[in-house]
Amino acid sequence: MDFKTLISNRISEKVNIPVKDIEKMIEIPPKPEMGDFAFPCFQLAKTMRKAPNLIAQELKNSIDSQGFEKIETVGAYLNFFVDKGILSSSTIEKILSEGKSYGNSNIGEGKNVIVEFSSPNIAKPFHVGHLCSTAIGNALYKIISSQGYNTIAINHLGDWGTQFGKLIAAFKWVDEEALEKEPIKELLRIYVKFHEEAEKDPSLEDLGRLHFKRLEDGCEEETSLWQKIKDVSLKEFNRIYDMLNVKFDSFAGESFYSDKMDEVVEILEDKGLLTESKGALVVNLDEYNMPPCIIKKSDGATIYATRDLAAAIYRKRTYDFYKNIYVVGSDQSLHFRQIFATLKLAGFDWADDCVHVAFGLVKFADKKLSTRKGDVIFLEDLLNEGISRARAAIEEKNPSLENKEDVAKKVGIGAVIFTYLKNNRERDIVFNWDDILSFDGETGPYIQYSYARGRSILGKATGFSGTPDYNKLNSKEEFELVKLLGGLNDAILSAIDKYEPSILSRYIIDVAKAFNKFYNLYPIISCEDVGLKAARLKLVESTTIVIKKVLSLLGIDVVEKM
RNA sequence: GCGCCCAUAGCUCAGUUGGAUAGAGCAACGGCCUUCUAAGCCGUGUGUCGGGAGUUCGAAUCUCUCUGGGCGCACCA
């Protein structure tokens, strides 16, 4: 039962405004005591030439109130109180019958959506900053998929570019033994050393560029070193992706496009967009009020803009995408605006379907994380610290728990992922071990705990059977929970609309809070009224279904006990 | 200098697209485990919504301006 459209229809009958417009005006009152839905009459005052509260009063008297407990006016607001029994039974039965597909829809059927995310740079450590793109991208991938879209997860590996020239130049300092044991750390060490040395001797930068040019020209020595670096890096990255349970449909990174860039240059040339400037080939973007987009450097080598253009064109041809989403830090906003503008100038109207989903940076209280300087926290260390803190919490709170290690892993990692997804993605995260790994309050473990409590109650009720009487779920707390559970699809759609997983994180916090409140206040197993007990059990079951569903969309596992 | 983003309680953040008395978590203090797991629940209070002006029935939300921060601005990604 969709009460919002019901209300819109009834109001539309009385005033001369289309149902759709009425629906947009309907709001949810700030406090549940004020009703479940509200219709403000301020805007009608002008056309009807009457005082808004008078309009509200007249509507109240003339409107059909069937299906509602009552309809009230407060000032210019017309407040609707829905029939709790009807809403509870329809919501709970829908959840139970749809199970894990509750919240899904097929609005995206037949549409391909690309989500590019994670995209770490080969040869560099996978640090705490990379989790922003990885967690947000993975969540968006799952959230969008839930609405029937055919979604493609692409890891656009940073495996090409001048940095490899620098790395190859730095290879003369490599310690083979260390490279064997801890490849990324050793590669990082020589990369850092390169930048230190380059400060004293700027000619090293030129040497790096030379090596990249040779790599791009297919020279054997550079190519084999590059392959070696890529192999050891991917091995390390896959270990992290396994811990996070993140999977990709494609690992086509920057090098994948190395043979597709000549065509980009040709296309831009044909359209007459290329101009030469200081020896480089650029696309002028003055009309967009942006600096030019560099297509070829003065030494003839390509640059990341060229590769991103090639990638976008390739993706359009291969996947014919409906949306092409880039989950990349906000520090690259200008770059993407330049790419999209260049595509547009080249006559590709689908440039408008490309979206840069930006996020803030992870930084220390005082300084920015800098790979070049080597001050960096490995993501693996953060995840392991999370796991070991979860392990300690288990020993303290529930030492007889089975599968301790499995639970510690899911709770520890869940806490980290949830922290990354809790807030508006454009906010910077100030790195603090205790904040990121908190288990109290609005955190991942709090949600997981709520789920485990629900499952525990259900486990104790096996064998019970009774016909639920949903009319008896009439307490404020029970009804609040029901209303929240009914709002899952809206929350998902809103999250997709804004490319914002935190909308779902906030939603599930609200659900868990309402659920905790409910079971702390009312007996379930020991409830004597059979109809009410059955209804409460169904409510608990519905809640566990919704929590599990939302956490899975966020890329977080649930545990049955903790 | 130019462009984009941000400023809400001591701290970290929400705020349903312009609506009713601006809310959570953390931290602090007090209460609740012989009754469904205390990673929980209940209670106690704090705000010039950065300042100013404007738009209108109505602004934390929209416009302008100032202040204070972040990021970016051609051969790195």
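Heavy atoms only: backbone and side chains are in, while hydrogens, waters and symmetry mates are out.
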What's the [atom1]-[atom2] distance between [X] and [N], to the nearest Å?
X	N	atom1	atom2	result
Ile429(A)	rC71(B)	CD1	P	15 Å
Glu199(A)	rC76(B)	CD	C1'	15 Å
Phe431(A)	rU12(B)	CZ	P	16 Å

Base, sugar-phosphate, or nothing: which does [X] touch, judged by heavy atoms less than 4.0 Å apart?
X	result
Pro29(A)	base
Lys498(A)	base
Gly161(A)	sugar-phosphate
Ala452(A)	base
Pro291(A)	sugar-phosphate
Lys422(A)	nothing
Lys460(A)	sugar-phosphate

Anti versus syn assignment for rC33(B), with syn defined as within 90° of 0: syn

Syn versus anti for rU17(B), judged by chi lying within 90° of 0? syn

Once hydrogens and angles are ignored, does a donor-acceptor distance under 3.5 Å link the base of [N] to the side chain of [X]?
X	N	result
Tyr304(A)	rA77(B)	yes
Thr443(A)	rA39(B)	no
Asn516(A)	rA39(B)	no

Assigned partner base of [N], Watson-Crick or wobble definition, under 3.5 Å:
N	answer
rU17(B)	none
rC2(B)	rG72(B)
rG30(B)	rC42(B)
rA22(B)	none

Distance, C1' atom - from rG50(B) to rG45(B), rounded to whole angstrom: 23 Å

Taking the same atom, C1', in rU44(B) and in rA9(B), what whole-Å distance lies between them? 15 Å

As a test of reading the structure: which of [options] is closest to the side chain of [X], going by heavy atoms?
X	options	value
Asp331(A)	rG72(B), rA14(B), rC36(B)	rG72(B)
Arg209(A)	rC76(B), rC41(B), rA74(B)	rC76(B)
Glu442(A)	rU17(B), rG25(B), rC36(B)	rG25(B)
Ser277(A)	rC13(B), rA74(B), rG25(B)	rA74(B)
Lys31(A)	rU21(B), rU12(B), rG25(B)	rU21(B)

Does rC13(B) have OP1 or OP2 sitting under 4.0 Å from an N or O in the side chain of Arg506(A)? no

Side-chain N,O (Lys517(A)) to OP1/OP2 (rC41(B)) below 4.0 Å: no

Using the side-chain hydrogen bond (donor to acceptor under 3.5 Å, both in side chains) rule, pick out the option among Lys296(A), Glu216(A), Lys213(A) that qualifies with Thr302(A). Glu216(A)

Within residues 388-396 of chain A, which residues have any heavy atom lying less than 4.0 Å from an atom of RNA chain B? Ala393(A), Ile394(A)

Which of parallel (below 30°), tilted (30 to 60°) and perpendicular (above 60°) describes Trp160(A) and Trp226(A)? perpendicular

Tyr522(A) and Glu477(A) side chains, donor-acceptor separation under 3.5 Å: yes

